[in-house]
Participant: 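Pasting a structure here, questions to come.
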Amino acid sequence: MHAIAAIRSFNRAVTRRIGALDERFLGRNRSLGASRLLFEIGPRGSEVRQLRSRLGLDSGYASRLLRNLEREGLVRSGPSPDDGRVRFVELTPEGRRELGILNRLSDRAAAAMVEPLTDRQREALVDAMALVEKLLCAGAVRVELADATSSEGRACLERYFAELAARFEAGFEPAGGVAAAAREFTPPGGAFVVARLDGAVGCGGVRFHGGYGEIKRMWVAPQARGMGIARRILRRLEDLVSDRGLRIVRLDTNRVLAEAQALYRSSGYREIPRFNENPYAHHWFEKTLRPSRSSTAGA
């Protein structure tokens with residue numbers, strides 16, 4: 001309850017200080033929501049579905065905001081250049097001018113916020129803001145089941161393989177390529193999860209064997225590291241193994257991936273002898289899982 005009260009107090013202070021409740025945000029004739037939409041569209045434009053996802057807006061509210069901006073002559077919409085079935089929105093010349101004004105006013109408002117503070121207070125505020133942003137982003141991450149053979153799944157695996165190729169001493173070449181790797185995690189023989197934060201920022205897969213589950217292809221995008229996402233992916237994959245009625249989970253890793261080894265050890269894995277023929281592995285780990293709630297409910 002203390003945390004909830006603290007968050008509500010923080011929200012009240014921030015919304016008041018930045019003028020979020022003002023119908024004329026930054027002195028312009030539109031709300032913070034409409035102005036935020038202009039910032040997100042930006043000079044390069046955006047697909048409407050991506051705008052809704054990034055800002056967490058429902059379809060109806062986003063459409064109303066966009067219609068108002070179109071009536072102001074600030075944006076125009078049409079088919080996406082990449083997919084004619086998808087709606088794309090971009091700034092008009094007047095919209096670009098308005099965005100420039102908003103950016104200048106936003107800079108002035110930020111400067112006015114820190115101007116009364118001492119140098120030490122400013123540094124403390126900036127550090128605290130960075131930490132809050134990081135923790136809020138971490139709380140917004142969703143780790144969900146996904147199709148490894150989809151474009152999203154293959155893109156995650158491609159980035160994972162590219163990183164291994166750059167980090168491994170002898171490079172990395174997956175047997176059969178990305179498509180073959182993706183098929184390893186299709187049901188019923190396997191499962192795949194994706195961590196999402198304004199798009200995919202991590203993934204992991206599990207293969208179900210006769211007596212154990214084998215976790216593979218765990219990856220987190222560099223910009224999303226330090227948020228605990230890898231640990232959440234690992235826990236979700238362990239749950240999938242447990243839900244299958246298996247008590248043992250195994251995995252392997254390369255010697256250069258020291259951070260992965262630290263994660264596994266701190267998550268209760270113990271090193272065991274080689275259990276597979278992965279030519280890129282130097283360490284093999286195993287963990288005994290507790291029975292899942294679903295498997296014990298009917299016992």
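For this chain, numbers begin at 1 and follow the sequence in order.
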Participant: Is there a side-chain contact between Leu263 and Leu234 (heavy atoms, below 4.5 Å)?
Facilitator: yes
Participant: List the steps, then state whether side chain to side chain contact (heavy atoms under 4.5 Å, CB included) holds for Leu246 with Leu289.
Facilitator: CA-CA 8 Å; Leu246 300 172; Leu289 303 175; over 6 Å; no
Participant: Under 4.5 Å between side-chain heavy atoms, hopping through other hydrophobics if needed: is there a path connecting Val194 to Val178?
Facilitator: yes
Participant: Between Tyr160 and Phe172, how do the two ring planes meet: parallel, tilted or perpendicular, split at 30° and 60°?
Facilitator: perpendicular
Participant: Are any of the side-chain heavy atoms of Val48 and Leu66 separated by less than 4.5 Å?
Facilitator: yes
Participant: Between the side chains of Arg290 and Ser242, is a donor N or O closer than 3.5 angstrom to an acceptor N or O?
Facilitator: no
Participant: Classify the side-chain pair Glu214/Asn276 by whether it contains a donor and acceptor separated by less than 3.5 Å.
Facilitator: yes
Participant: Taking all non-hydrogen atoms of both residues, which atom of Ala62 and which atom of Leu37 are closest, and how far apart?
Facilitator: O-CD2, 4.5 Å
Participant: Please tell me if the side chains of Arg159 and Pro222 come closer than 4.5 Å, counting only heavy atoms from C-beta onward.
Facilitator: yes
Participant: Is any side-chain N of the basic residue among Arg225 and Glu259 closer than 4.0 Å to the acidic one's carboxylate O?
Facilitator: no
Participant: Can you confirm whether Gln223 is buried at CD, in the sense that more than 12 heavy atoms of other residues, nucleotides or ligands lie under 6.0 Å from that atom?
Facilitator: yes
Participant: Are Arg250 and Tyr212 in a cation-pi setup, meaning NZ or CZ lies under 6.0 angstrom from the ring centre and within 45 degrees of the ring axis?
Facilitator: yes
Participant: Test Phe88 against Ser77 for side chain to side chain contact (heavy atoms under 4.5 Å, CB included), laying out the working first.
Facilitator: CA-CA 5 Å; Phe88 187 86; Ser77 61; over 6 Å; no
Participant: Does Ala281 have any side-chain contact (heavy atoms from CB on, under 4.5 Å) partners at least two apart in sequence or in another chain, and if so, which?
Facilitator: Asp252, Asn278, Trp284
Participant: Got a second to check how far Arg49's CZ is from Ser59's OG, nearest 0.5 Å?
Facilitator: 13.0 Å
Participant: Surrounding CZ of Arg71 (heavy atoms of other residues, nucleotides or ligands, distance under 6.0 Å), is the total greater than 12?
Facilitator: yes
Participant: Check the pair Ser46, Glu40 against side chain to side chain donor-acceptor pair (under 3.5 Å), reporting the backbone distance first and the verdict last.
Facilitator: CA-CA 8 Å; Ser46 174; Glu40 284 296 322; over 6 Å; no
Participant: Please round to the nearest 0.5 Å and tell me the distance separating atom CE of Met227 and atom CG of Leu136.
Facilitator: 10.0 Å
Participant: For the residue pair Phe192 and Leu157, establish whether any side-chain heavy-atom pair is separated by less than 4.5 Å.
Facilitator: yes
Participant: State yes or no: do Val249 and Phe185 share one hydrophobic cluster built from I, L, V, M, F, W and Y residues joined by side-chain heavy-atom distances below 4.5 Å, directly or via other members?
Facilitator: no
Participant: Can you check side chain to side chain contact (heavy atoms under 4.5 Å, CB included) on Arg52 and Asp58, steps first, answer last?
Facilitator: CA-CA 7 Å; Arg52 292 200 306 263; Asp58 66 62; over 6 Å; no
Participant: Answer yes or no: are there more than 12 heavy-atom neighbours, outside Glu133 itself, under 6.0 Å from its atom CD?
Facilitator: no
Participant: Return yes when atom CD of Glu123 has more than 12 non-hydrogen atoms of other residues, nucleotides or ligands closer than 6.0 Å, and no otherwise.
Facilitator: no
Participant: Once rounded to the nearest 0.5 Å, what's the spacing between atom CZ of Arg16 and atom CZ of Arg12?
Facilitator: 8.5 Å
Participant: At their closest point, which heavy atom of Ser267 faces which heavy atom of Lys287, and how far apart are they?
Facilitator: O-NZ, 2.7 Å
Participant: Go through Glu90 and Arg96 one step at a time and tell me if the salt bridge (charged side-chain N to carboxylate O under 4.0 Å, His left out) criterion holds.
Facilitator: CA-CA 9 Å; Glu90 61 184 343; Arg96 290 174 182 269; 5.6 Å; no
Participant: Test Glu184 against Lys216 for salt bridge (charged side-chain N to carboxylate O under 4.0 Å, His left out), laying out the working first.
Facilitator: CA-CA 10 Å; Glu184 294 181 292; Lys216 303 284 290 183; over 6 Å; no
Participant: Which pair of heavy atoms, one from Phe208 and one from Pro188, lies closest together, and at what distance?
Facilitator: CD1-O, 3.6 Å
Participant: Excluding sequence neighbours, so at least two apart, what forms side-chain contact (heavy atoms from CB on, under 4.5 Å) with Thr253?
Facilitator: Leu257, Ala260, Gln261, Tyr264, His283, Phe285
Participant: Donor-acceptor pairs are to be reported for all side-chain atoms of residues 105-115 against protein atoms at under 3.5 Å, with residues two or more places apart or in another chain.
Facilitator:
none

Participant: Tell me whether Arg85 contacts the main-chain N or O of Pro79 through its side chain, where contact means a donor paired with an acceptor under 3.5 Å.
Facilitator: no
Participant: Under the side chain to side chain donor-acceptor pair (under 3.5 Å) rule, what do Ser31 and Arg24 come out as? Steps first, then yes or no, please.
Facilitator: CA-CA 5 Å; Ser31 67; Arg24 302 178 69 250; over 6 Å; no
Participant: Measure the CD1-OG distance between Ile4 and Ser9 for me, rounded to the nearest 0.5 Å.
Facilitator: 13.5 Å
Participant: Should Leu55 and Leu26 be counted in the same cluster of Ile, Leu, Val, Met, Phe, Trp and Tyr side chains packed under 4.5 Å apart?
Facilitator: yes
Participant: Locate the shortest heavy-atom distance separating Leu69 from Ala34; write the atom from each residue and the value.
Facilitator: CD1-O, 4.0 Å
Participant: Give a yes or no on this: more than 12 heavy atoms of other residues, nucleotides or ligands lie within 6.0 Å of atom CD of Glu271.
Facilitator: yes
Participant: Can any side-chain N or O of Arg54 pair as donor or acceptor with the backbone N or O of Asp198 at less than 3.5 Å?
Facilitator: no
Participant: Same hydrophobic cluster for Met129 and Leu135, using side-chain heavy-atom links shorter than 4.5 Å among ILVMFWY?
Facilitator: no
Participant: Does some side-chain heavy atom of Phe168 sit less than 4.5 Å from a side-chain heavy atom of Glu173?
Facilitator: no
Participant: Considering non-hydrogen atoms only, spot the tightest contact between Leu197 and Ala140 and give its length.
Facilitator: CD1-CB, 3.8 Å
Participant: Begin with the C-alpha distance, continue with both residues' side-chain angles, and end with the deciding distance and a verdict on side chain to side chain contact (heavy atoms under 4.5 Å, CB included) for Glu72 and Arg30.
Facilitator: CA-CA 10 Å; Glu72 289 187 66; Arg30 68 188 62 84; 2.7 Å; yes
Participant: Between Glu144 and Arg142 (salt bridge meaning N to carboxylate O under 4.0 Å), is one present in this structure?
Facilitator: no
Participant: Linking I/L/V/M/F/W/Y whenever their side-chain heavy atoms sit closer than 4.5 Å, directly or via other members, would Leu65 and Leu51 fall into one cluster?
Facilitator: yes
Participant: What distance separates Thr15 OG1 from Leu32 CG, expressed to the nearest 0.5 Å?
Facilitator: 10.0 Å
Participant: For Leu145 and Ala191, work out which heavy atoms get closest and say how close.
Facilitator: CD2-CB, 4.3 Å
Participant: Determine, step by step, whether Ser80 and Arg87 satisfy the side chain to side chain donor-acceptor pair (under 3.5 Å) criterion, reporting the C-alpha distance in whole Å, the side-chain angles of both residues, the deciding distance to 0.1 Å, and the verdict.
Facilitator: CA-CA 6 Å; Ser80 169; Arg87 190 176 171 210; over 6 Å; no
Participant: Find out whether Leu102 and Leu38 are in side-chain contact, i.e. whether some heavy atom of one side chain is under 4.5 Å from a heavy atom of the other.
Facilitator: yes
Participant: Could you walk me through whether Glu94 and Arg97 satisfy the salt bridge (charged side-chain N to carboxylate O under 4.0 Å, His left out) test, starting with their C-alpha distance in whole Å, then the side-chain angles of each, then the deciding distance to 0.1 Å, before giving a yes or no?
Facilitator: CA-CA 5 Å; Glu94 182 59 31; Arg97 285 191 289 272; 2.7 Å; yes
Participant: Compare all side-chain heavy atoms of Ser150 with those of Arg154 and state whether any distance is below 4.5 angstrom.
Facilitator: no
Participant: I need the Ile41 CD1 to Leu99 CG distance, nearest 0.5 Å.
Facilitator: 9.5 Å
Participant: Look at atom CZ of Phe39 and say whether more than 12 heavy atoms of other residues, nucleotides or ligands are closer to it than 6.0 Å.
Facilitator: yes
Participant: I'd like to check Leu237 versus Met218 (side-chain heavy atoms, cut-off strictly below 4.5 Å). Are they in contact?
Facilitator: yes
